[in-house]
Amino acid sequence: MSAARVLGIATVAAVGLACTPTPTELEQERRSRLPDSAFATSEDPIEPIPTRTGADPRKVALGRALFSDPILSGNGSTSCASCHVLSEAGIVAGEARSTHPRDDTGPYNVPTVFNVAFNARFNWTGRFATLEDHLRALLLNPEVMDAGTWEELLPRVRRKYERRFVEAGYPSVSEATLIDAIVTFQRSLVTPNARFDRHLRSEEVLSEEELEGYEAFKSVGCISCHQGINVGGNVFQRFGVMEDAFEGRTVGRRDMGRFLLTGRPSDVHVFRVPSLRNVAVTAPYFHDGSARTLEDAITRMAAVQLGYVLPGPQVARIAAFLRTLTGEYEGVSVGESRR
Ligand code: HEC
Ligand code: HEC
């Protein structure tokens, strides 16, 4: 019997002091008729996202305004939100690869900004170890924000935002406070209460298909790369462990992975394993946006990473499980939010 289930029974005993059965008791009673496999265990390799971030709301609000403000960009027309649309799950819905202001063949699929706080490294190659370093680089990067120099950028921000920075508790607009405000906002972009997390907290019972999908996700070995609080985001792995992931396609610079950073042959096609949080609503997939649907991505992963040809129903079960990883931002499902 699982630890969570023992805990559930202890809760029933505690609320059992009341005279009439409460909704919790009825739910507990219903659960007591379910098999053990329907419950989360303390050994689950995935942890739920905490429901609170503890971030200073004034800084979050300021960071949010900056995130959507094109004054950060050199040409005054691009904001972070141009490519990371919060109402489209933190990406541009349906876009395979990003369009950059200067280079319309933009190289990578845009990763979501939701739950970046839980990634150990940033970008497909994991080039940056902190969100601060990542942001500093991308503000000045001519292919992304092209903000010019700090001496050009800071006065622009100061003119519009000096008062708001002070009201948010910062001494003034500076490189450090600008970075802090935007990063604080990015860290607040967490999506708790996914049905799977509610299952882990024993607040919800998943369907049989979803639970079987989770079992398959573990038993075929997806979990060995996609695990932890973000169901990924914390290790590097080659794209194509068992089979060539690029077979039949021209391999370009974009496909070289960490080799671009290290020059080591062993890093060719090595990428940061992406988080699978909210994955059902962030199609298309892979660093090049080459998998159109979740089912495509699952089928290809099984083949190239694990050497399995997964039958259709197994793919469907895993997809059903992955759909339970869609969380909520400010109380609205990331898949449905429109703001
Ligand atoms: C022109 C489109 C575009 C704009 C504008 C843009 N991004 Fe991105 N963003 C991308 C792409 C593409 C990547 C992946 C780049 C890579 O892997 O090399 C990315 C990666 C990221 C990541 C890393 C996510 C992860 O898990 O690795 C974060 C965080 C992020 N962007 C935040 C921002 C912020 C903050 C801004 C504004 C200052 C911004 N982006 C502006 C396209 C854009
Ligand atoms: C050996 C490590 C490894 C294993 C095992 C693995 N993956 Fe992946 N997964 C990766 C890597 C690396 C990527 C990024 C590929 C790329 O560069 O585009 C990825 C990408 C994905 C994506 C696309 C995410 C996105 O946002 O684009 C999905 C979905 C996915 N994996 C699901 C699975 C499933 C389901 C399984 C089991 C059948 C699995 N993975 C097994 C390493 C792994």
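Since the structure is predicted, the reported quantities are computational estimates derived from the model, not experimental observations. Quick note: numbers below take in every heavy atom, side chains included, and nothing from hydrogens, waters or symmetry partners. Whatever order the structure lists them in is the order used to number ligands and atoms, beginning at 1.
Listed by chain and number, H226 NE2, M301 SD are the protein N/O/S atoms closer than 2.8 Å to atom 8 (Fe) of ligand 2, with waters left out.
Contacts between I318 and ligand 2, counted as non-hydrogen atom pairs separated by less than 4.0 Å, involve the side chain only. When non-hydrogen atoms are compared, ligand 2 lies under 4.0 Å from neither the backbone nor the side chain of D288. Heavy atoms of R127 found under 4.0 angstrom from ligand 1: none, in either backbone or side chain. Contacts between S79 and ligand 1 below 4.0 angstrom, taking non-hydrogen atoms only, involve the backbone exclusively. Residue contacts with ligand 1, taken as heavy atom pairs separated by less than 4.0 Å, do not involve S82 at all.
Note: an N/O pair closer than 3.5 Å links H84 and ligand 1 by distance alone. Checking only distances, N119 does come within under 3.5 Å of ligand 1, N or O to N or O.
Comparing L66, N123, V113 against atom 23 (C) of ligand 1, the shortest heavy-atom distance belongs to N123. When the options R254, H134, R272 are ranked by their closest heavy atom to atom 28 (C) of ligand 1, first place goes to H134. Scanning T78, L72, I91 for the heavy atom closest to atom 5 (C) of ligand 1 points to T78. Nearest residue to atom 22 (C) of ligand 2 from F217, W124, F286, F236 is F286 (criterion: closest heavy atom).
Residues Y329 and N278 bring no donor and acceptor atom of their side chains to less than 3.5 Å of each other. A donor-acceptor contact closer than 3.5 angstrom links the side chains of D288 and S290. Side-chain N/O atoms of R158 and S172 include no donor and acceptor closer than 3.5 Å. No side-chain donor from either of H269 and D255 sits under 3.5 Å from a side-chain acceptor of the other.
For atom 26 (O) of ligand 2, the nearest non-hydrogen atom of the protein is Y285 CD2, 4.0 Å. The nearest heavy-atom contact from the protein to atom 18 (O) of ligand 2 is H287 N, 2.7 Å.
Residues in residues 172-182 take part in these salt bridge (Lys or Arg N to Asp or Glu O under 4.0 Å) pairs, two or more places apart or across chains: R136-E175.
Note: H287 and F271 meet the aromatic proximity criterion, with ring centroids under 6.0 Å apart. Aromatic rings from F165 and Y170 are positioned such that their centres are separated by under 6.0 Å.
In this structure, K160 pairs ionically with D69, as a charged nitrogen and a carboxylate oxygen lie closer than 4.0 Å. In this structure, R317 pairs ionically with E212, as a charged nitrogen and a carboxylate oxygen lie closer than 4.0 Å.
Interface atoms of ligand 2 facing L306, defined by a heavy-atom separation under 4.0 Å, are 5 (C), 37 (C), 38 (C). Proximity to V241 (heavy-atom distance under 4.0 Å) selects the following atoms of ligand 2: 1 (C).
Each of H199, R323, R195 was scored for a side-chain hydrogen bond (donor to acceptor under 3.5 Å, both in side chains) with E210, with one residue passing: R195.
The hydrophobic cluster containing V92, built from Ile/Leu/Val/Met/Phe/Trp/Tyr side-chain heavy atoms closer than 4.5 Å, also comprises V85.
Residues forming a side-chain hydrogen bond (donor to acceptor under 3.5 Å, both in side chains) with E132 (at least two apart in sequence, or on another chain): R187.
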Fill in: Worked verdict on E167 versus R164 for salt bridge (charged side-chain N to carboxylate O under 4.0 Å, His left out)
CA-CA 5 Å; E167 283 164 7; R164 288 197 62 180; 5.4 Å; no
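Within the 4.0 Å heavy-atom cutoff, F128 does not count among the residues contacting ligand 1.
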